[in-house]
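Here is the structure we will look at, set down as structure tokens.
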Amino acid sequence: MASYEGILLGMGNPLLDISAVVDDAFLDKYDIKLNNAILAEEKHLPMYDEMSSKYQVEFIAGGATQNSIKVAQWMLQIPGATSYIGCIGKDKYGEEMKKDSTAAGVNVHYYEDEAAPTGTCAVCVVGGERSLIANLSAANCYKSEHLKRPENWALVEKAKYYYIAGFFLTVSPESILLVAEHAAANNKVFMMNLSAPFICEFFKDAQEKVLPYMDYVFGNETEARTFSRVHGWETENVEEIALKISKLPKASGAHKRITVITQGADPVVVAEDGKVKLFPVILLPKEKLVDTNGAGDAFVGGFLSQMVQEKPMEDCVKAGCYAANVVIQRSGCTYPEKPDF
């Protein structure tokens, strides 16, 4: 199916998840909160080794955007429909990552940094809820020069849909703007994720610069409420916030902005054209929940798999909920061989 080749391009931080079920004492010791995502500080650095020595650790290829792209690829079952760009190190973890993504059918164009090791993300799980602490390392070294190389820019030219998690705003806002401007100039669809409260709060300026280009904004309820607070909106109502985000100014009039906010087990909120629709999720008995790591990423991946086929909103959300439901019953953002959607 040639028409689908390279239709979806993702760009972000490729990270290796170091995942373990820990306990509250561990969370307290390193001052980490469940259902949050942060960048590692000095005080967090010893935790990676401590996790490996104290708990049963799993190594899983991760990184928010890469997860979403891999899930979209899995749902589509069309080899090479998706591409991905990011920076890894020249090391064992980097090689594993390349193998994993290529096996998943994604066309990866990694920039390989000579000096920095491949980035890692500690995934601390307690009662099925996760907290993410990312040590970006090589992922933080991505440069727009790599994106501008003809063999990489060709991926941008070829794609019709772009998805970038908000996390990449801390790394290469100039790369994001290059893609965003290309999408606006060519009537293509540009999408981002709020990704984490700290992005909405401490990278607000970078986020604001790209916001006019966003045709779709994804996020969860916590991120939406942080966005609202940071913008002085004085509302905690997720439906209201989704509507307000969708009405912020846009760079191009070709697409109206659509905001899609997930709320865990509560309905998905979609704000479009001045109206809000709610879509129920597939409820899962608590005993079947393994961990929520990658749930939001999988939702976006499922959603995108239908969007690139120009399916209606309802199908996109259904596919998102299906993919998230699969992923929360497994460790990390992983899935069976074939989807059953």
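In this chain, numbering begins with 1 at the start of the sequence shown.
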| query | Taking all non-hydrogen atoms of both residues, which atom of T292 and which atom of I328 are closest, and how far apart? | reply | CA-CG2, 4.0 Å

| remark: For P117 and S137, the nearest pair of non-hydrogen atoms, with its separation, is O-CB, 3.0 Å

| message | I'd like to know if V317 and L8 are part of one continuous hydrophobic network [Ile/Leu/Val/Met/Phe/Trp/Tyr, side-chain heavy atoms within less than 4.5 Å]. | response | yes

| Straight-line distance of K244 NZ to L248 CG, nearest 0.5 Å | 8.5 Å

| said: Please report whether the ring centroid of Y213 lies less than 6.0 Å from that of F190. | reply: no

| query | Hey, what's the ring geometry for H182 with Y162, parallel, tilted or perpendicular (30° and 60° as the breaks)? | reply | perpendicular

| query | Under a 4.5 Å cut-off applied to non-hydrogen side-chain atoms, are R229 and T226 in contact? | reply | yes

| field | Approximate separation, where rounding is to 0.5 Å, of I69 CD1 and W74 CH2 | value | 15.0 Å

| query | Looking only at atom types and distance, does a side-chain atom of E223 sit under 3.5 Å from a main-chain N or O of N220, one as donor and one as acceptor? | reply | yes

| M75 vs Q309, side chain to side chain contact (heavy atoms under 4.5 Å, CB included): CA-CA, chis, key distance, verdict | CA-CA 11 Å; M75 292 281 289; Q309 300 178 70; over 6 Å; no

| request: Check whether any side-chain heavy atom of H44 sits under 4.5 Å from a side-chain heavy atom of I32, and report yes or no. | output: yes

| request: Report the residues that fulfil side chain to side chain contact (heavy atoms under 4.5 Å, CB included) with V260, sequence neighbours left out, ordered by chain and then residue number. | output: Y216, F218, I258, V268, V270, F299, F303

| query | Salt bridge or not for K250 and D215, using N-O below 4.0 Å? | reply | yes

| E96 vs K92, salt bridge (Lys or Arg N to Asp or Glu O under 4.0 Å): CA-CA, chis, key distance, verdict | CA-CA 6 Å; E96 286 296 312; K92 187 179 82 214; over 6 Å; no

| message | What verdict does the side-chain hydrogen bond (donor to acceptor under 3.5 Å, both in side chains) test give for S144 and E174, after you've listed the backbone C-alpha separation in whole Å, the side-chain angles of each residue and the deciding distance to 0.1 Å? | response | CA-CA 7 Å; S144 58; E174 50 287 89; 5.4 Å; no

| query | Do the non-hydrogen side-chain atoms of Y161 and L9 ever get within less than 4.5 Å of each other? | reply | no

| request: Mark yes or no for whether N187, through its side chain, and A254, through its backbone, hold a donor-acceptor pair below 3.5 Å. | output: no

| task | Find out whether V238 and R225 are in side-chain contact, i.e. whether some heavy atom of one side chain is under 4.5 Å from a heavy atom of the other. | result | yes

| query | Donor-acceptor pair, Y93 side chain versus I88 backbone, under 3.5 Å? | reply | no

| said: Within the supplied structure, the quantity of interest is the number of heavy atoms (other residues, nucleotides, ligands) at a distance under 6.0 Å from E234 CD; does it exceed 12? | reply: no

| task | For M313 and K277, run side chain to side chain contact (heavy atoms under 4.5 Å, CB included): C-alpha distance rounded to whole Å, both residues' side-chain angles, the deciding distance at 0.1 Å, then the answer. | result | CA-CA 10 Å; M313 176 61 71; K277 281 196 183 126; over 6 Å; no

| task | Taking all non-hydrogen atoms of both residues into account, name the closest pair between A319 and S305 and its distance. | result | CB-OG, 4.3 Å

| How far apart are the C-alpha atoms of D23 and Y55, what are their side-chain angles, what is the distance that settles it, and do they pass the side-chain hydrogen bond (donor to acceptor under 3.5 Å, both in side chains) test? | CA-CA 10 Å; D23 47 41; Y55 306 101; 3.2 Å; yes

| query | Do M11 and S175 touch side chain to side chain, with heavy atoms closer than 4.5 Å? | reply | yes

| said: Checking C124 against F26 for the side chain to side chain contact (heavy atoms under 4.5 Å, CB included) test, could you report, in this order, the C-alpha distance in whole Å, the side-chain angles of both residues, the deciding distance, and whether it holds? | reply: CA-CA 9 Å; C124 303; F26 186 84; 3.8 Å; yes

| field | Backbone N/O of T235 and side chain of S228: donor-acceptor pair under 3.5 Å | value | yes

| message | Does this structure show an ion pair linking K98 with E95, if we count only N-O contacts that are shorter than 4.0 Å? | response | yes

| query | Is a side-chain donor or acceptor of N186 paired with a backbone partner of K188 at a separation under 3.5 angstrom? | reply | no

| task | Find out whether E272 and K256 are in side-chain contact, i.e. whether some heavy atom of one side chain is under 4.5 Å from a heavy atom of the other. | result | no

| Which residue pairs pass the salt bridge (Lys or Arg N to Asp or Glu O under 4.0 Å) test when at least one of the two sits in residues 284-306, sequence neighbours left out? | none

| Side chain Q306, main chain K311, donor-acceptor under 3.5 Å | no

| Is the backbone of V217 close enough, under 3.5 Å, to the side chain of T259 for a donor and an acceptor to pair up by distance? | no

| said: Would you say L15 ends up clustered with L45 if hydrophobic residues are merged whenever their side chains have heavy atoms under 4.5 Å apart, either directly or through other cluster members? | reply: no

| query | Can any side-chain N or O of N193 pair as donor or acceptor with the backbone N or O of S195 at less than 3.5 Å? | reply | yes

| Joint cluster assignment, L169 & F198, ILVMFWY side-chain distance < 4.5 Å | yes

| Roughly how far, to the nearest 0.5 Å, is the CG atom of N13 from the OG1 atom of T118? | 12.0 Å

| request: Ignoring hydrogens and angles, tell me if any N or O in the side chain of S131 forms a donor-acceptor pair with the backbone of K33 under 3.5 Å. | output: yes

| message | If I take atom CG from residue L304 and atom CG from residue L76, how far apart are they, to the nearest 0.5 angstrom? | response | 9.0 Å

| query | Any chance NZ of K204 has more than 12 other-residue heavy atoms, nucleotides or ligands included, within less than 6.0 Å? | reply | yes

| note | Paired with Y142, the ring pair (Phe, Tyr, Trp, His ring centres under 6.0 Å) test is passed by just one of F167, F168, Y110, Y84, namely F168

| request: Decide yes or no for S101 and Q66: does some side-chain heavy atom of the first lie under 4.5 Å from some side-chain heavy atom of the second? | output: yes

| Which heavy atom of S68 sits nearest a heavy atom of V300, and at what distance? | OG-CB, 3.8 Å

| field | Under 3.5 Å: donor-acceptor pair, side chain of T102, backbone of K99 | value | no

| message | Looking at every heavy atom in both Y163 and M192, which two are closest together, and how far apart are they? | response | CE1-C, 4.1 Å

| note | CG of L155 to NE2 of H109, rounded to nearest 0.5 Å, is 4.5 Å

| task | Say whether I38 and I199 are linked into one hydrophobic cluster, either directly or through other cluster members, by side-chain heavy-atom distances under 4.5 angstrom. | result | no

| task | Drop me the distance from E221's CD to E239's CD, to the nearest 0.5 angstrom. | result | 13.0 Å

| field | Salt-bridge contact E5-K158 (side-chain N to carboxylate O under 4.0 Å) | value | yes

| field | Pair V22-K54, side chain to side chain contact (heavy atoms under 4.5 Å, CB included): steps then yes or no | value | CA-CA 9 Å; V22 300; K54 265 176 83 168; over 6 Å; no

| request: Report whether V308 and V156 are members of the same hydrophobic cluster (ILVMFWY, side-chain heavy atoms less than 4.5 Å apart, transitive linking). | output: no

| Closest approach of V276 to A271 (non-hydrogen atoms, all atoms of both residues) | CG2-CB, 4.2 Å

| query | Do Q56 and V21 have side chains that get closer than 4.5 Å, going by heavy atoms? | reply | no

